[in-house]
2 protein chains.
Amino acid sequence: MTTPKRRLPVMADVAKEAGVSHQTVSRVLNDHPNVRADTRARVEAAITRLGYRRNLVARALVTKRSRTLGVVSFDTTLYGPASTIYGIEQAARTAGYFVSIVSLKSIDADNVRDAIDYLAEQGVDGVVVVAPQRSAARALESLPAGLPAVAVEGTHRADVSVVCIDQMEGAKLATRHLLDQGHDTVWHVSGPHDWMETEGRLEGWRAALEEAGRPVPEPLAGDWSPRAGYEAGKSLAAMDGVTAVFAANDQMALGVLRALSEKGVRVPQQISVVGFDDIPESEFFSPPLTTVRQDFDVVGRHCIEVLLRQIDLGHAAYERLVVRPSFVVRSSTAPIR
Amino acid sequence: MTTPKRRLPVMADVAKEAGVSHQTVSRVLNDHPNVRADTRARVEAAITRLGYRRNLVARALVTKRSRTLGVVSFDTTLYGPASTIYGIEQAARTAGYFVSIVSLKSIDADNVRDAIDYLAEQGVDGVVVVAPQRSAARALESLPAGLPAVAVEGTHRADVSVVCIDQMEGAKLATRHLLDQGHDTVWHVSGPHDWMETEGRLEGWRAALEEAGRPVPEPLAGDWSPRAGYEAGKSLAAMDGVTAVFAANDQMALGVLRALSEKGVRVPQQISVVGFDDIPESEFFSPPLTTVRQDFDVVGRHCIEVLLRQIDLGHAAYERLVVRPSFVVRSSTAPIR
DNA sequence: CGAGGGGATATGACCGAGCACATCTTGCGG
DNA sequence: CCGCAAGATGTGCTCGGTCATATCCCCTCG
């Protein structure tokens, strides 16, 4: 071996190379003002000459700030979580933070708690929990001491910051749109039990119907998957008097459309369908889907804002940020004839 | 203040509490065999009593292993990258590693290089780069010294490990399937320029046509989005003699289906359509999409396997792992009449 | 011309773990 | 009953930065 285990250069190496003390190198690295221009230049030259790269682990040890944020999420394959995390990551990096992710495949309070502990051990400065199940929300009740946290759709409790989308509002927009078009009532294909979104959308839908004095049909339970929507769609097609369906997400709406099309039911001529999410595909469904648009990106950005505010403050400061959904009318809904 | 800035307990605190040395605590934490059972019990009791949690940052400093892997990816909102990352994260966590993610919104070699540097600075033990653009692949040519890395679909170079899906094979499956059904030739809606997948699928499609001695039509260029597929679909509908279309991904296939349906062209009776990816939605398109299935999950797992092997070995060991796609026949293709 | 002051730089302790090595026990064979 | 090896535990240094503080330098002003 000609190269005797070439160790990566450290601050002391740079200091020697530049003929200064390690402290001066540190000052240069941290843009400290009190460094003479020529010294700075010399140090910088030494840094590039040696290919020095600062060791953030050592830095984190002494500053007690890792500049890393943890994210706990459920099924990052779904469009909603994926988009939210994307927003989180972008915002975090802009603010100079790393993002460490744990994605759970099954949700319960223990799993979430473990994930948070795991991240806390790693020394994250804060966590955002994207796990909108009621059971997961319980894990937020016992956070490691002093760990800043923010939940997405997670909880109604007042001692954890929350960023959420106004699910009820979205569901009302969808339901009212259908009622305004003259439909007697609106059927609902709901999300899986235990999800906050499921409940919010269910409530909003029910409230809108009740406000209008309409009958509230029994909702059909789904699980967000297109297959569940498909099954629900088959049931709906077999029922009498169904003219309007509000699916709790776009994937299920797709399944509904598919089932109706198979049964020869024309959308929107015979049945109108509305979704929720506005995934990129829904504009190109057959027919293009009328849906509720959620701006996940904004949610992700808000999470980071809230979290960083909490971190900078150095103590808990609970906020609740509600993002309003919008409504996108396309061709899957029409006035009743 | 009654609580005088309650510092988190450290190893020394546990040691004192248990009446042993910090080293013994360390041994207990690391499951070192040579610790008497009762000592272990005493230490463990002290740990829970104090709510002690090991500081992995300090540990990383001395072991020079952060047990964190970096992932650089492009647009984690897309189904492919999202699924791959999911697989990566699951496999990494099972192996006891954290995953730190950087998702780029625009790709060029500089961005990728910066992202890798950023992660290297943070002390990751290795990186996987999910950026299947030719330009991004160039960034892999100049990795920080000694940083284990693996690319997904990234490069043909022999000095970086690669895990990829056999794109050509997938494209050939799709094209041959259509030819076998009696179509004279197959049109292609390709992905955006510069992507490895685009090229692989293009090549496979062309090769399959040439092998069969068929004419090779000019491919239509898309950008993976359903909108691009829609535009391509409108063009195809306006052309004569088009009976079979191979779209480079399912989203574009959806756009094609939509355009054809608008123009009153029936699928598969008049035109057959094949996609690529097998996203969860494609089974419920109208009609359900025949497509090439990629197992992203497996790709993610392989990435971690290869990477960990490299890390454990302590030196470079280049591997190339090819995952074979499969073919899913549904209702968007039919024999020509 | 010397005191005073602020900017530039150096020195040493410290963060919280692991590692190498030293030391003290214990058990077992002769 | 001793010697010795293996097992159990402790000691002090180290990782690579930052922080608090000390020191030095040079300039200004009375």
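All chains are named by letter (A, B, ...) in the order of the sequence lines, taking the proteins before the strands, and each is independently numbered beginning at 1.
- For the pair His32(B) NE2 and dT9(D) C1', the interatomic distance rounds to 10 Å; values are reported in whole Å.
- By the ring pair (Phe, Tyr, Trp, His ring centres under 6.0 Å) test, Tyr52(A) is found to be paired with no residue, residues two or more places apart in sequence or in another chain being considered.
- Direction change of the helix axis from one end of the helix from dC1(C)-dG30(D) to dG30(C)-dC1(D) to the other is 50°, with five pairs defining each end axis (rounded to 10°).
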In 5'-to-3' order, the base (B), backbone-only (S) or no-contact (-) status of each nucleotide in nucleotides 15-27 of chain C, using a 4.0 angstrom heavy-atom cut-off, is BBBBBB-------
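- When the side-chain contact (heavy atoms from CB on, under 4.5 Å) test is applied to Gln90(B), the partners found at least two apart in sequence or on another chain are Ser103(A), Lys105(A), Tyr86(B), Arg93(B).
- Under the 4.0 Å criterion applied to side-chain N and carboxylate O atoms, Asp117(A) and Arg113(A) are not assigned as salt-bridge partners.
- Counting non-hydrogen atoms under 4.0 angstrom, Val57(A) reaches nothing in the nucleic acid.
- A donor-acceptor pair under 3.5 Å is formed between the side chain of Glu153(B) and the backbone N or O of Ile165(B).
- Counting only residues at least two apart or in different chains, ring pair (Phe, Tyr, Trp, His ring centres under 6.0 Å) contacts with residues 23-46 of chain B are absent.
- Among pairs with a residue in residues 119-152 of chain B, none fulfils ring pair (Phe, Tyr, Trp, His ring centres under 6.0 Å), at least two apart in sequence or across chains.
- Near DNA chain D, meaning a heavy atom under 4.0 Å away, there are no residues from residues 113-125 of chain B.
- Taking Glu319(B) as the reference, Arg309(B) meet the salt bridge (charged side-chain N to carboxylate O under 4.0 Å, His left out) condition, with sequence neighbours excluded.
- Residues passing the ring pair (Phe, Tyr, Trp, His ring centres under 6.0 Å) test with Phe296(B) are Tyr79(B), sequence neighbours excluded.
- Partners of Arg134(B) under the salt bridge (charged side-chain N to carboxylate O under 4.0 Å, His left out) rule, at least two apart in sequence or in another chain, are Glu199(B).
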Tabulate protein N/O versus nucleotide N/O from nucleotides 5-7 of chain C, keeping only pairs under 3.5 Å, one per line.
none

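- For Phe98(B), the ring pair (Phe, Tyr, Trp, His ring centres under 6.0 Å) criterion is met by Tyr118(A), not counting sequence neighbours.
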